[in-house]
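Please read the structure below before turning to the comments.
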Amino acid sequence: MSRLLAWVLALVFVWIVNNQIHHFIDPYILSIVIFAGINIIFATSLNLISGFTGQFSMGHAGFMAIGAYVSALLSTSFFASFPQLFFVVIFLSGCIAAVFGYIVALPSLRLRGDYLAIVTLGFGEIIRVIILNINSLGGARGMTDIPPLSSFGWVYTGVVAALFMLWRLTRSSQGRAFLAVREDEIAASSMGVPTTHVKLQAFVIGAFLAGVAGSLFAHYLSYLNPQTFDLNKSFEAIIMVVLGGMGSISGSVIAAVFLTVIRELLRPLQDMIGIDLRMILYSLLLILVMILRPKGLLGTKEWIDFVPRWPKKVLRQRRPLHEG
Amino acid sequence: MSLFFQESVALKVEKLTMQFGWFKALTDVSLSIKKNNIFGLIGPNGAGKTTLFNLLTGVYQPTSGSVEAFGKTLLGLKPHEITRRFVARTFQNIRLFKELSVLDNVLISLDHSSTSKYRGILSSMMQFKSYRKTERLHRDRANHLLEIFNLHHRRHRRACDLPYGDQRKLEIVRALATGAKLLLLDEPAAGLNIKETQELMCMVQLIRDQFDLTILLIEHDMKLVMGVCERIAVLDYGCHIAEGTPLEIQKNERVIEAYLGKGAHA
């Protein structure tokens, strides 16, 4: 009963925050916060595939594109008169993206390392080019008039749900299977881990969350263009994962927020000098971080590993790896 | 009588041949290992011992021949399916999950052991009661296994931070945790010093008795092999050249020839 009450209270809280937040925060800053949220989901979903399971995927923007376009289609057709059912749209578009994740993963998981990277790279491009050539999706003109349903509340409910899901997953028996595949595939399969199955699962969940990120993205901008989901978008996710640390959810969250914010912070600089130094500084920053912390900001650690000892006992279910 | 005989055989390999292109790594190798035996497999470098292991565990598929463990064929199965048939192995070049903790290394095996219940994504995410119960059971079991091998106090260390000897031990614990009844040890004493090797010998015998295991052992350390094995088979150039008790093997002409060359006198 108290559980139910907590849920209701949480919902009411989210609803109030959602409706009142624009009174307190500047819309420009709010938009950055929302993009940061979408990037968090996008980056952590890739981290599950690349960081935890060790499968290098370079076409993650493809899954996001599928999620974005499917949800845009749904909310302009079937769900046009039910904006309250936005979560159904999000879920469905995530599921479609997951189906594509399955389809891509099935043949390509026979490959390893660089070869898998090339296949997924190709997949991302194929999705983009296909969308580019579908006229009913706007083609190169882009898709307009998507209802702007993604509000602060929706995006951050999505973030919390995704993080909860991944946190639980990676700290469970399932998560250990992901890690085992990353560490040593041959040893993993010799210990009874069905490696292909585990990799498939990682791809399907990762694609699902990328689809969710895509649908939130589509309904925030209310305009979609296939060029948004090009190679750069995939690389953006890879950069976030690598920068934050392969195999660290908290790392990806920090990196996603950091990279989203830093791009905007560097914007005034461009106005002052008149030269587009933004991308140069951005790249320089990445180079510096990789030199100073080659395993990423957090490595494989989570935020909880940095909490001092005594509250740990309350917070965590299992002790971290790097202790003793 | 024949039925009884069938049942007491843990591993039966018949006319196993493995061909890599033109190269025959194994030619018509036949072995039969009785339950509860410690069986040694020796041979000079490149004799095909590890190839045989890879065939037994499904890493390669043999060109011809058959492999049966506990009366069921292992042919055509993937490595993880073979683990479900109570066969597990260790690796010559240690293949632990290096970045994971010692405990996690063992838990991964337990999660996928032949006796454990399947726990999917949903139960992992929601952590139902049954999930938590299994998790607790596995943790207890893992701790128990680690205690036997004296690794318990290091269970939160990363596997790659363990001393070399402990890494070798952890490989055995991990294989044991899969619920295996037939353990294939690929050079478990490689790189260990005399004291550690002796400790390992005792350990192998201990777990054999305690867990009712059959053990197939590849080893170059003759002292260990002769001391611990009840039967030994010798491979040379992919052929099975001798089999018998340690004493018989030590006197076997062909074995001496394989190791020391023709005309050598032991």
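The structure presented is a predicted model; accordingly, all values stated were derived computationally and were not measured. Every chain is numbered from 1 and lettered A, B, ... according to where its sequence line falls, protein lines coming before strand lines.
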For B/Phe20, look at atom CZ and say whether over 12 heavy atoms of other residues, nucleotides or ligands are found less than 6.0 Å away.
yes
Do other residues, nucleotides or ligands put more than 12 heavy atoms under 6.0 Å from the CZ atom of B/Phe128?
yes
Looking only at heavy atoms, what is the nearest atom pair of B/His80 and A/Val193, with distance?
CB-O, 3.5 Å
With respect to chain B, which residue among A/Ala188, A/Gly247, A/Ser189, A/Ala177 yields the maximal number of heavy-atom pairs within a distance under 4.5 Å?
A/Ser189
State, to 0.1 Å, how close A/Ser172 and B/Ser124 come at their nearest heavy-atom pair, and which atoms those are.
OG-CB, 3.2 Å
In the structure I gave you, are the side-chain heavy atoms of A/Asp184 and B/Phe97 within less than 4.5 Å of one another anywhere?
yes
Measure the CD-OG distance between B/Glu135 and A/Ser173 for me, rounded to the nearest 0.5 Å.
6.0 Å
Any side-chain heavy atom of A/Met191 sitting closer than 4.5 Å to one from B/His112?
no
Need one label for A/Leu166: side chain, backbone, both or neither, based on atoms under 4.5 Å from any heavy atom in chain B.
neither
Step through the shown structure and confirm whether more than 12 heavy atoms of other residues, nucleotides or ligands are within 6.0 Å of CZ on B/Phe70.
yes
Heavy-atom check, side chain of B/Leu100 versus side chain of A/Arg176, under 4.5 Å:
no
In terms of heavy-atom contacts, B/Thr83 and A/Gly192 come closest through OG1-N, 3.5 Å
One should read off an interatomic distance between B/Met125 CE and A/Ile205 CD1, to the nearest 0.5 angstrom, of 6.0 Å
How close do B/Lys98 and A/Glu183 get, counting heavy atoms only, and between which atoms?
N-OE1, 3.4 Å
Does atom CZ (B/Arg208) have a neighbourhood of more than 12 heavy atoms from anything else shown, all under 6.0 Å?
yes
Residue B/Thr57 versus chain A: region with a heavy atom under 4.5 Å:
neither
Hey, what do you get for NZ (B/Lys78) to OG1 (A/Thr195), rounding to the nearest 0.5 Å?
8.0 Å
Might you confirm whether atom CZ of B/Phe149 has over 12 heavy atoms from other residues, nucleotides or ligands at distances under 6.0 Å?
yes
